[in-house]
**Student:** 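This is the structure I want to talk about, given as structure tokens.
Every chain is numbered from 1 and lettered A, B, ... according to where its sequence line falls, protein lines coming before strand lines. Not measured: the values here are computed from a predicted model.
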Number of protein chains: 4
Amino acid sequence: MAPRTREQFQKMREKSQGKILKSALELFSQKGFHQTSIDAIAKYAEISKGLIYNYFDSKEEILLDIVTDGFKLIKELENFVPTSLTPKQKFDTLLTVTFNSIKENSEFWKMFFHLLSQPDVITKLSSEVDKMYSSLFKMLELHLSELGVEDVENQAKLLGAMIDGVAIHYYLNQEHYPIDLMKDKVIQLYCGEEK
Amino acid sequence: MAPRTREQFQKMREKSQGKILKSALELFSQKGFHQTSIDAIAKYAEISKGLIYNYFDSKEEILLDIVTDGFKLIKELENFVPTSLTPKQKFDTLLTVTFNSIKENSEFWKMFFHLLSQPDVITKLSSEVDKMYSSLFKMLELHLSELGVEDVENQAKLLGAMIDGVAIHYYLNQEHYPIDLMKDKVIQLYCGEEK
Amino acid sequence: MAPRTREQFQKMREKSQGKILKSALELFSQKGFHQTSIDAIAKYAEISKGLIYNYFDSKEEILLDIVTDGFKLIKELENFVPTSLTPKQKFDTLLTVTFNSIKENSEFWKMFFHLLSQPDVITKLSSEVDKMYSSLFKMLELHLSELGVEDVENQAKLLGAMIDGVAIHYYLNQEHYPIDLMKDKVIQLYCGEEK
Amino acid sequence: MAPRTREQFQKMREKSQGKILKSALELFSQKGFHQTSIDAIAKYAEISKGLIYNYFDSKEEILLDIVTDGFKLIKELENFVPTSLTPKQKFDTLLTVTFNSIKENSEFWKMFFHLLSQPDVITKLSSEVDKMYSSLFKMLELHLSELGVEDVENQAKLLGAMIDGVAIHYYLNQEHYPIDLMKDKVIQLYCGEEK
DNA sequence: TATGAATGAGGGTTCATTCAT
DNA sequence: CATGAATGAACCCTCATTCAT
């Protein structure tokens, strides 16, 4: 019989690779990178263990793929803030977009915070993490500066800490944590009394 | 580990159990709990592997001991805030004490934040974590309330997030992070302009 | 593989089966049978992994084919010794032909010697190896007998050992080993002083 | 109870390590290095798989140990040739000692010849193999030179090839191969007619 | 109290082989 | 005739834990 076409193969590949990445992210975020076995990923993705190695050279490679993808997603967050708005509106939108991502991409972020405290795992990533963080801080500085805040650099650092702190507390008690209220408080802090 | 006098501490580290706890904490904070082997702890403590099992039933037991001790330490933090001061002074002292602990007990806190995102390890601890956090928040609420802050409950949540966020960022870049400046900014935020 | 005309050979290597055999031989001789994966053979032959199983039932089957082909080649060696020559000339020619084969079919011979010491791989072949070796020894005996050598049977054994020994040493240091000189020394040993 | 003494531990270690090396050599020589699994070695040595890694860092390390030991043994062969004898007697003794080693250390030599044709396994050893071979050739040259042989260098090469060739043929048919007769023939070749 | 040899389950990874197309 | 995705057994190695002394 005729072999599968290139497109058929491509589709199969994408399907399997997607299942692997999805399963890995889910398990990594739940149990941590080292506590998740390749076997567990395979079972979760309902494929064989061996197949994973058709798509990834190693377990670490899966993680790198996930994180790289996640970073792209983060970088695009700012694009959702229209430049036509007032500074306050922009700041509000930025925080809304950010907190939405925290809520919607909870698996990625949980995994990410977990990795942050396991430096050995992400040696290869640490320079990228640094770059990402400094670009995020630059962005925060810009917004704060537009709002007329003083000592922008350190205020951006504090704001960043607030966001990460809220995110972590949210993941500790996802069901009951008033994350939207927290967002409002943050906005209040920097934009004045009313929301 | 729980606060002890210098002599007690000295004695403890000389004894096997103390050496085990100290070594384990150091390694857990550096490499993570699962990435630290019993063998590594034994080597670091300069004792035999078997001896560890004379003092602890399992590797997890060591962790539980460390965390339990650490929690005692946290609970004592507030005792360092003299009740005779003004609200502002008390708040200032509280933050100073807290940030000092972040700097001085970095091994414990690093390990702690790492565990926070690895729920499976601390299933047995999660109720204690909850208790500790809610008691901390209560404390923060009290201080904020004395300062005349409104919506104390949520402001305490935000303040807690700030502190944890700063701590995490500090551990990401321990050498260059302006943690004392951050403390000042936080105080400023809640106590008005001047430090 | 068995001697073929240049055209036959050309055609064969263009066909899949030929490409497989050629690639497998190259890799087997370089890395050993077990260290060569089917995947590596397929990549080297620039075909798909699955196609190999259209032509061969198993990896071992490929090896058997190669060895069987090689044995045919060995058996034909004697045909290159004209019967019209004097015993000395015939002996000289035989050794020349033999050492030429060692030089020209180095891939096959390397692989062959490797297999000789891996009895489990060639269990299925061992009877054929025995047959081949005893026929070779018979041939050597005949030549030695014509040269007037005494105790022909054992001298043939020694001569055979010499040839295999030289071959092995040659493959150990293919670039610098004076294999032609060795051939002359062997001839000298059995044919008298001059070459 | 009191812990075991240092000597008791030492004895245990030596016993286990010896069992591992002995088993590994036996299996490596029978089935080849890559075809012998750590599990098989453990079962053969009647110990657990894990124990092997108390004594050796890796499977390759076991091989290195065996080969290093074997090389020491080879280097000592010449010490068994008394310097007080006549050249012929010395040559005779040298070959006797050599062929005895071939017979008595058959496992090591079988494994060794197998490795010789699997260069990738012994990359780390190849320089040592070279050194050993060139020292052996030097030794053969010396003996031949004392016997008055001409073109000593190449004759030593041929003699070395003979010995290795005989060894290999011996291992192909250990039960029926007339190895002692071969030794006599070799001696005859270089020492004249009578033994 | 203290040692470290010994165990064995489980982890990441490889690879001959199968199979739908 | 040809493809390469998919499988699963087997591999090397790690490590928490046990145990005799």
**Student:** Between D:Lys11 (NZ) and E:dG4 (P), how many Å, whole number?
**Tutor:** 18 Å
**Student:** Using heavy-atom distances to pick each residue's nearest nucleotide on DNA chain F, tell me which of D:Leu51 and A:Ser48 is more 5'.
**Tutor:** A:Ser48
**Student:** Roughly, in whole Å, what's the span from CG in A:Leu63 to P in E:dG11?
**Tutor:** 18 Å
**Student:** Take A:Gln8 and C:Asp57, find for each the nucleotide of DNA chain E with the closest heavy atom, and name the residue whose nucleotide sits nearer the 5' end.
**Tutor:** C:Asp57
**Student:** Could you check B:Gly50 against C:Thr36 and say which one's nearest nucleotide on DNA chain E is further toward the 5' end?
**Tutor:** B:Gly50
**Student:** Could you check how far CZ of D:Arg6 sits from P of E:dA2, rounded to whole Å?
**Tutor:** 16 Å
**Student:** For B:Glu61 and F:dT17, what is the distance between atoms CD and C1' respectively, to the nearest whole Å?
**Tutor:** 14 Å
**Student:** Looking at F:dC12, F:dT7, E:dG4, which one has an atom nearest to any side-chain atom of D:Lys59?
**Tutor:** F:dC12
**Student:** Is there a Watson-Crick or G-U wobble partner for E:dT7 with both distances under 3.5 Å, and if so, which one is it?
**Tutor:** F:dA16
**Student:** Rounded to the Å, how far apart are D:Glu7 CD and E:dA5 C1'?
**Tutor:** 16 Å
**Student:** Give the rounded distance in Å between these two atoms: NZ of C:Lys43 and P of E:dA16.
**Tutor:** 12 Å
**Student:** Side-chain contact, heavy-atom cut-off 4.5 Å: C:Glu26 with C:Gln30?
**Tutor:** yes
**Student:** So, do A:Leu73 and A:Phe108 sit near enough that their side-chain heavy atoms are less than 4.5 Å apart?
**Tutor:** no
**Student:** Given that A:Tyr55 and D:Thr5 both sit by DNA chain F, which one's nearest nucleotide is further toward the 5' end?
**Tutor:** A:Tyr55
**Student:** Separation of C:Phe56 atom CZ from F:dC1 atom C1', in whole Å?
**Tutor:** 15 Å
**Student:** So if I take every side-chain heavy atom of C:Ile38 and compare against E:dG4, E:dA5, E:dT17, which nucleotide ends up nearest?
**Tutor:** E:dT17
**Student:** Can you tell me which nucleotide in E:dA6, E:dA2, F:dA5 comes closest to the side chain of D:Ser16?
**Tutor:** E:dA6
**Student:** Are any side-chain N or O atoms of B:Ser117 and backbone N or O atoms of B:His114, one a donor and one an acceptor, separated by less than 3.5 Å?
**Tutor:** yes
**Student:** Of the candidate nucleotides F:dA6, F:dT17, E:dA5, which contains the atom at the shortest distance from the side chain of A:Asn54?
**Tutor:** F:dA6
**Student:** Which listed nucleotide (E:dT13, E:dT17, F:dA5) is nearest to the side chain of A:Lys49?
**Tutor:** E:dT13
**Student:** For D:Glu60 and F:dC11, give me the distance from atom CD to atom C1', rounded to whole Å.
**Tutor:** 15 Å
**Student:** Can you spot which of D:Gln17, D:Glu61, D:Lys19 makes a side-chain contact (heavy atoms from CB on, under 4.5 Å) with D:Tyr55?
**Tutor:** D:Gln17
**Student:** Mind telling me whether C:Tyr171 and C:Phe113 have parallel, tilted or perpendicular rings, with 30° and 60° as the class edges?
**Tutor:** tilted
**Student:** Looking at the side chain of C:Tyr53, which of E:dG4, E:dA20, E:dT18 is the nearest nucleotide?
**Tutor:** E:dT18
**Student:** From C-beta outward on C:Ile47, which listed nucleotide comes closest to its side chain: F:dT3, F:dC12, E:dT17?
**Tutor:** F:dT3
**Student:** Heavy atoms, side chains only, cut-off 4.5 Å: are D:Val67 and D:Val129 in contact?
**Tutor:** no
**Student:** Using a cut-off of less than 4.0 Å, is there contact between a side-chain N or O of A:Arg4 and OP1 or OP2 of F:dA5?
**Tutor:** no
